[in-house]
Amino acid sequence: MSSPAASSRLLPLALEGGRYLVRYSAGEEALTAVLPLAFEPFLYLTPAHLALQPHTGGQLGFYLEDERQAATVAIFHVFVDEADISLAHSPWQAPFGAVQLASGLAPATVLAFLQRVQQELKGQGVKQLQVRSYPFAYDPAGSTLLTQALLQLGARVTLAELNNHLEPTDLGFEARLHPSERRRLQKCRRAGFQFEQEPPLLLPAVYDFLRQCRAEKGQTLSLGLERLQELFRLFPQDHFLFSVRDGSGAWAALTVAIRVSGQILYNFYPASPLAYNVFSPVVLLNEGLYAFAHANNMRLLDLGTSTLPDGPNHSLLQFKRHLGGVLSLKLTFAWELA
């Protein structure tokens, strides 16, 4: 399916005297809301990031507009599979897609919005939509409303992942640490390990370090170096390199951290060589991220999911729990539209 010509239509909802309209856009117009957003969009749902997803099929945008507020109160981006137009995805290539909602929307409004989306997608010949949502912790109320509406419309959960996060407060990182991790943190300090922010120009060397660490565990990186460099170049305020260096100045741990929003920092690519397991420098790395998030008034440090191809990664889940991690769900849905 080739991308449809740029187009946009307004579809009324039979709610509150016509207060809400759904703007349905295709082609180039699908990326951008017409009315101002009533919330800060997550990085992966911004037009600039959506435009990077390498997709040649149909790209559709659904925007719930509140005429009373003169604002867009929900956004939903859908990518139609070029090889099979009966299948669509949200996202196409990103950690998550799904629907982002303004606070305060009624359940009936969210349901009516998704019903209109369902009608339009069916009219395009889409029979199934795969939706990978963000962790509940990002927006607990919105995630609950979205999940309830999707299930009511016949969607089913195909993957329920456990996500962990920390909540930076004045109490500090150590307050919730398990005693074993506190001992490792102190061991790193005694050995002269230091947390640092690294310049993006070191990305090639950082990437080699991350790749080698993953290879030691039989894993690979989801992004290539060129793609990672592109993200740092296009979103310099949202991508960071952080390290732990040992007493000699060598890297003991590294990560790529992503500012998902002004409130959320995502520890995206943590890695440390097996040779440093006796120190566990990733604990010190997370302490530094925690301090960075707190200093920037963020409410959440996302530690990510702990999932292997065959199920949960229990050792990683335990490690994050020992860091003081708070659990939330990250759901993927299959929505049969026919």
Side-chain angles (χ1 to χ4, degrees), residues 43-44 48-49 51-54 93-95 164 166 168 173 181 184-185 187-260 264-296 298 301-308 313 315-316 319-320 323:
L43 175 64
Y44 306 116
H49 206 286
L52 290 180
Q53 299 191 32
Q93 187 185 72
N164 268 280
L166 301 177
F173 177 72
E181 304 307 331
R184 293 186 176 97
L185 181 63
K187 187 174 184 179
C188 285
R189 289 171 178 166
R190 288 195 301 269
F193 287 33
Q194 296 289 331
F195 174 82
E196 295 185 12
Q197 184 172 350
E198 303 287 355
L201 61 88
L202 294 180
L203 259 174
V206 168
Y207 190 85
D208 283 343
F209 180 94
L210 298 175
R211 181 175 50 78
Q212 291 170 16
C213 290
R214 292 294 178 98
E216 285 185 331
K217 299 177 181 179
Q219 302 169 356
T220 59
L221 294 169
S222 57
L223 298 178
L225 173 59
E226 290 185 0
R227 175 68 165 182
L228 201 56
Q229 289 174 317
E230 181 181 37
L231 292 171
F232 270 80
R233 184 177 69 254
L234 296 177
F235 305 98
Q237 304 303 314
D238 301 312
H239 291 78
F240 308 92
L241 295 178
F242 294 106
S243 72
V244 169
R245 291 180 179 266
D246 66 17
S248 69
W251 283 331
L254 277 169
T255 194
V256 174
I258 300 174
R259 179 186 176 276
V260 179
I264 300 166
L265 184 68
Y266 176 27
N267 187 3
F268 177 53
Y269 262 168
S272 178
L274 294 178
Y276 283 93
N277 277 3
V278 66
F279 290 98
S280 195
V282 173
V283 180
L284 181 58
L285 185 68
N286 278 288
E287 181 189 46
L289 293 175
Y290 184 103
F292 178 87
H294 186 248
N296 285 277
M298 295 179 165
L301 171 58
D302 183 3
L303 302 180
T305 59
S306 305
T307 307
L308 295 170
N313 185 333
S315 62
L316 186 56
F319 173 69
K320 292 176 181 179
L323 291 180

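Start at 1 with the first residue, then count along the sequence.
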Q. Which residues satisfy the salt bridge (charged side-chain N to carboxylate O under 4.0 Å, His left out) test with E230, sequence neighbours excluded?
A. R227
What are the two closest non-hydrogen atoms of [X] and [Y], and how far apart are they?
{"X": "D302", "Y": "N164", "result": "OD1-O, 3.4 Å"}
{"X": "P200", "Y": "L241", "result": "CA-CD1, 4.0 Å"}
{"X": "L301", "Y": "P168", "result": "N-CD, 4.0 Å"}

How far does [atom1] of [X] sit from [atom2] of [Y], to the nearest 0.5 angstrom?
{"X": "Q194", "Y": "D246", "atom1": "CD", "atom2": "CG", "result": "10.5 Å"}
{"X": "R189", "Y": "R184", "atom1": "CZ", "atom2": "CZ", "result": "14.5 Å"}
{"X": "L52", "Y": "L231", "atom1": "CG", "atom2": "CG", "result": "6.5 Å"}
{"X": "F268", "Y": "S222", "atom1": "CZ", "atom2": "OG", "result": "4.0 Å"}
{"X": "F319", "Y": "L303", "atom1": "CZ", "atom2": "CG", "result": "8.5 Å"}
{"X": "L185", "Y": "L285", "atom1": "CG", "atom2": "CG", "result": "11.5 Å"}

(Q) Would you say that V278 contacts K187 through its side chain, given a criterion of any heavy-atom pair below 4.5 Å between the two side chains? (A) yes
Q. Mind checking whether Y269 and V206 have side chains closer than 4.5 Å, heavy atoms only?
A.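 A side-chain contact is absent here, since even the closest heavy-atom pair is not under 4.5 Å.
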Q | Identified side-chain contact (heavy atoms from CB on, under 4.5 Å) counterpart of V256 within the set Y207, Y266, F232, F242 | A |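 Considering Y207, Y266, F232, F242, a side-chain contact (heavy atoms from CB on, under 4.5 Å) with V256 is found only for F232.
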**Q.** Candidate list P273, S243, P270, S272, test side-chain contact (heavy atoms from CB on, under 4.5 Å), partner P281, passing option
**A.**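 It is S272, the one option of P273, S243, P270, S272 that forms the side-chain contact (heavy atoms from CB on, under 4.5 Å) with P281.
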Q) Where does the angle between the aromatic ring planes of F193 and F279 fall among parallel (under 30°), tilted (30 to 60°) and perpendicular (over 60°)? A) tilted
Q: Over 60° means perpendicular and under 30° means parallel, so classify the ring planes of H239 and F235, tilted if in between.
A: tilted
Q. Quick check, are the ring centers of F292 and F195 under 6.0 angstrom apart?
A.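 Between F195 and F292, which both carry aromatic rings, the centre distance is not below 6.0 Å.
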Q: Given side-chain contact (heavy atoms from CB on, under 4.5 Å), test L166 with L289 step by step and report yes or no.
A: CA-CA 10 Å; L166 301 177; L289 293 175; over 6 Å; no
Q: Can you run down the salt bridge (charged side-chain N to carboxylate O under 4.0 Å, His left out) pairs that involve residues 236-245, sequence neighbours left out, and say none if there aren't any?
A: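 For residues 236-245: E196-R245, E198-R245, D238-R259.
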Q.
Before you tell me yes or no, could you show the steps for L284 and F173 under side-chain contact (heavy atoms from CB on, under 4.5 Å), namely the whole-Å CA-CA distance, both residues' side-chain angles and the distance that decides it to 0.1 Å?
A. CA-CA 10 Å; L284 181 58; F173 177 72; over 6 Å; no
(Q) Check whether K320 reaches the backbone of T305 with its side chain - one donor and one acceptor, N or O, closer than 3.5 Å. (A) yes
